[in-house]
Amino acid sequence: MNNNKAYVTTPIYYVNDVPHIGHAYTTIIADTMARYYRLQGKETFFLTGTDEHGQKIEEAAKSRGRSPQEYADEISGKFRELWDYFDISYDKFIRTTDADHKLGVQKAFEKMFEKGDIYKGEYEGYYCVSCETFFTETQLMDGEGCPDCGKPTKLVKEESYFFRLSNYQEKLLKWYNEDERCVLPKGKKNEVISFVKQGLRDLSITRTSFDWGIKLPASLNDEKHVMYVWLDALLNYITALGYGKEEENMHFWPATMQLVGKDILRFHAIYWPAFLMSLDLPLPKHVGAHGWWTRNGEKMSKSKGNVVNPKEVADAYGLENFRYFMLREVPFGQDGDFSQKALIDRINSDLGNEFGNLLNRIIGMSGKYSDFKITSQDVKALHVKELNEVEAILNEVETKLNELQTNRYLEDLWKVLAIANGAITAHEPWTKIKNGDTKGALALVGLVANILARVSILVSPIMPQTAKKIANAMQFEITTQSYEKYILNKELLEDFVIEKIPPLFPKIEEELMETPEPTLKQEEPKEKKKETPTKEESIITIDQFFQTSLKIGTILEATEVANSDRLLQLKVDLGESEPRQIIAGIKEYYAPQELINTQVCVVANLKPAKIMGLLSQGMLLAAKDKDGLALMRPEKPKTSGSSVG
RNA sequence: GGCGGCGUAGCUCAGUGGCUAGAGCAACUGAUUCAUAAUCAGUGAGUCAUGGGUUCGAGUCCCAUCGCCGCCA
């Protein structure tokens, strides 16, 4: 294998559904790996695309009165749009309806046939007419019922071509055995092994019951058959490189990293390598299977209405924040839970406090101590200890990413940031300045700058734009050269003038998306409700009530908050020396103009919060129901600042 | 039903058979001001699911039981 090349793939996504968070997750991991390989200077090819053949697509198109191709075009376009929006750095977007792909698949079929791995036989199965699906005898209910709909099935025989999967059982086991990390994570690999050990049956790879698929090669002269989806789909990984035609990119094969969801691991860890062996091609270096996302602990499903729309999350919370969250939150291979609270915690704590704020700290210090000039001059002399600690972690960190342990990778980078935050406290540069030790203070700032630079480089595969902003502010670029210089060779930054930039990760103080109605839990015994008052109506004392300071305020100014669908920025007179700035989520219900010079009821002693980077010193009271929102206002005009109670 | 995994601090999880069982988050207390009310330090009476067993010694190995999950049937 050529170590200077890398090939990363996502599955090609089936166009019977619009993109959801699972697709986004796979693709973001793949994008991260591709960006990481490029950072290392490897010649990288990153493939994604759509899977467009099969009976389901044929039907879905028909039900919409469209041709399968038109329908596939539309959904495929949606995937491509989402990936563009998500800053996915794919090199090729393959579609199984591409002419080159079809040709490559036919070539591969021909080769497998000539080799004797494909033979014509008869497929026998229990067919459910209404579900249009085949089942094996053991899957049936009571010996004949369809496991999906319960209706009787009938035994159908259909001519079919088969792939001699059974021939590859031992060779596959040998592969799993010899290549420790061919399938990741390990637990999933064990499942694959036990499946193969149970014995592999030959695989039916063609159908005569529908048309929307790739025809057999002309040499076989068998018009009735189209290829069954998995053969067609899996071969995309090599047809995308020109297999069977120009072969212009076949030098990227074997794939470095093939990412899949855990549901389709079997196809990628068993069928796919078997096909490759049949084609005399080397096997992928790694096939990685990731887990599912749940939402607030529950499985996502359309019927529950709790499906996370990835674009909506990225819109509300920021694309790179979301990318960071997904990769940081879950150990690779395990299921992860999406909740706005977890996402907000990650953004505010990891990103805002520990990372973004660190940059602000050295901007502030260098501004005060040295007119924003930062030098690495005395860093080595005064901070060997910290540099060694940082390097000890960074020397190990990349193995985590190579094993797709993105959570561990990020965790370690954050340990490096903690060294920087800790060093500031330990060395108190402000005290050094007071004591005239400018050199010491500047060395500390230089140390932190170097740490930030290194982390920015290594975090760039996950958050490319953010990393770029930091690099720009610090007058360097994120490139393979800087990776080699600062990470591999451990060089220090040239002296530079840091640019004062606004906070990278503004605090998020409230959930920015609609939360789906919680599903009714039936297991909750009804008697309990009698005993316990509902949460909203639990009893409080008058003292507790008066802990809340409610006041009448007069709105002096109201403007829209840029980039927000919900927020208005208000200046409210509460009878104090200065009007308060309040950020209120009422834009959908009130125009700024109609609010000016009206009175509202304000919670005056609420802890101030930053919302989208803007200070909010209070909260407006409003009532909300299904028809919308109504502000609470005094019945007659009252002096600004009058207390309510 | 078969195979495999898991059950450790309020939450998420680490813990090659061996000194008083750890980390992160949350909480509390203190320090500090360069910074986005941030950062740093300190603070846990944990039946290591339960019951047996092996061992000088078990969260760690073995058996059984209960509970959860995955793959397969």
Side-chain angles (χ1 to χ4, degrees), chain A residues 135-140 147 183 185-201 262-266 269-270 289 291-292 294 296-297 299 328-331 333-337 339 341-370 372 374 405 407-408 410-412 414-415 417-434 440-442 444-449 452 498 500-509 606-617:
Chain A
F135 299 98
T136 62
E137 190 170 356
T138 49
Q139 287 175 304
L140 300 181
V183 179
K186 210 177 169 194
K188 292 285 152 199
K189 183 183 171 188
N190 290 339
E191 285 177 9
V192 169
I193 292 171
S194 71
F195 182 87
V196 174
K197 278 187 175 162
Q198 283 174 39
L200 294 174
R201 273 185 296 190
K262 64 182 182 182
D263 56 325
I264 54 172
L265 178 62
R266 195 201 301 175
I270 300 173
W292 295 139
T294 55
N296 300 320
K299 203 173 169 183
R328 173 64 185 78
E329 189 71 5
V330 198
Q334 296 196 8
D335 290 352
D337 186 54
S339 72
K341 183 183 178 305
L343 176 58
I344 291 170
D345 282 354
R346 288 279 173 218
I347 295 170
N348 288 349
S349 176
D350 295 8
L351 296 178
N353 296 348
E354 290 176 55
F355 189 24
N357 187 45
L358 188 58
L359 179 66
N360 279 22
R361 299 180 84 177
I362 58 165
I363 290 174
M365 284 189 270
S366 65
K368 288 188 180 170
Y369 307 156
S370 58
F372 299 104
I374 293 185
Q405 303 271 11
N407 64 321
R408 293 281 180 87
L410 290 167
E411 228 176 285
D412 280 0
W414 258 251
K415 282 183 193 158
L417 294 175
I419 292 171
N421 275 315
I424 298 176
T425 309
H427 293 278
E428 299 191 8
W430 47 92
T431 309
K432 289 190 195 305
I433 287 291
K434 258 186 229 158
L442 293 187
L444 186 277
V445 174
L447 169 72
V448 174
L452 266 173
I498 196 165
K500 199 173 176 198
I501 59 170
L504 293 168
F505 308 103
K507 279 283 164 63
I508 295 168
E509 300 290 350
L606 194 67
K607 182 175 165 181
K610 283 240 170 138
I611 300 171
M612 289 191 73
L614 299 166
L615 186 66
S616 182
Q617 305 161 297

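Per chain, numbering begins at 1; letters A, B, ... match sequence-line order.
- Nearest heavy-atom pair, A:L265 versus A:A289, reported as atom, atom and distance to 0.1 Å: CD1-CB, 3.8 Å.
- The side chain of A:F505 lies closest to B:U36 when the candidates are B:C72, B:C40, B:U36.
- B:G17 and B:C62 have their C1' atoms separated by 13 Å, given to the nearest Å.
- In terms of heavy-atom proximity, A:E354 sits nearest to A:N421 at O-ND2, 3.4 Å.
- Shortest non-hydrogen contact noted between A:F372 and A:I363 is CE2-O, 3.5 Å.
- Comparing B:A9 with B:G22, their C1' atoms sit 10 Å apart, to the nearest whole Å.
- The nucleotide whose nearest atom lies closest to any side-chain atom of A:E191 is, among B:C71, B:U33, B:C34, B:C71.
- Side-chain contact of A:K341 with A:N296: a donor-acceptor pair under 3.5 Å is absent, judged by distance alone.
- Contact detail for A:M365 and A:P429: the closest heavy-atom pair is SD-CG, 3.4 Å.
- At B:C25, none of the side-chain N or O atoms of A:R346 fall inside 4.0 Å of OP1 or OP2 (strictly under the cut-off).
- Atom-to-atom, NZ of A:K415 to P of B:A14 comes out at 14 Å; the value is rounded to the nearest Å.
- Stem regions annotated for RNA chain B: B:1-7 with B:66-72, B:10-13 with B:22-25, B:27-31 with B:39-43, B:49-53 with B:61-65, counting only runs of 3 or more consecutive pairs of Watson-Crick or G-U type with both contacts under 3.5 Å.
- To the nearest whole angstrom, the two C1' atoms, one in B:C6 and one in B:A45, are 27 Å apart.
- Both A:K262 and A:N348 lie near RNA chain B, and the one whose nearest nucleotide falls closer to the 5' end is A:N348.
- Residue-level contact check: A:N190 touches neither bases nor backbone, having no heavy atom under 4.0 Å from any strand.
- With both ends at atom P, the span from B:A64 to B:C25 equals 41 Å, rounded to whole Å.
- Between A:D350 and A:F505 there is no side-chain heavy-atom pair separated by less than 4.5 Å.
- Here the side chain of A:I424 is nearest to one of B:U36, B:C72, B:C34, namely B:C34.
- Judged by ring centres under 5.5 Å apart and planes tilted less than 30 degrees, A:W430 stacks against the six-membered base ring of B:C34.
- When each of B:U39, B:U33, B:C72 is scored by its nearest atom to the side-chain atoms of A:K434, the top-ranked nucleotide is B:U33.
- With distances taken from any side-chain atom of A:P503 to the nucleotides B:C40, B:C72, B:U36, the minimum falls on B:U36.
- A:G422 comes within 4.0 angstrom of sugar-phosphate atoms only, judged by non-hydrogen atoms across all strands, and of no base.
- Distances were taken from every side-chain heavy atom of A:R361 (C-beta onward) to each of B:C34, B:G70, B:U36; the shortest belongs to B:C34.
- How far CG of A:D345 is from CD1 of A:I508: 10.5 Å, rounded to the nearest 0.5 Å.
- Residue A:M365 places its side chain closer to B:C34 than to any other of B:C40, B:G70, B:C34.
- Of the candidates B:U39, B:U36, B:C40, the closest approach to any side-chain atom of A:A418 belongs to B:C40.
- Annotation: the span from A:R361 atom CZ to A:I424 atom CD1 amounts to 4.0 Å, rounded to 0.5 Å.
- A:L504 comes within 4.0 angstrom of a nucleotide base, judged by non-hydrogen atoms across all strands.
- Nucleotides B:G15 and B:U8 are separated by 14 Å at their P atoms, to the nearest Å.
- What separates CG of A:L452 from C1' of B:U39 is a distance of 14 Å, to the nearest Å.
- Taking atom P in both B:A27 and B:A73, one finds a spacing of 48 Å when rounded to whole Å.
- As rounded to the nearest Å, B:G44 and B:G24 have C1' atoms that lie 14 Å from one another.
- Rounded to whole Å, the C1' atom of B:C11 lies 33 Å from the corresponding atom of B:C72.
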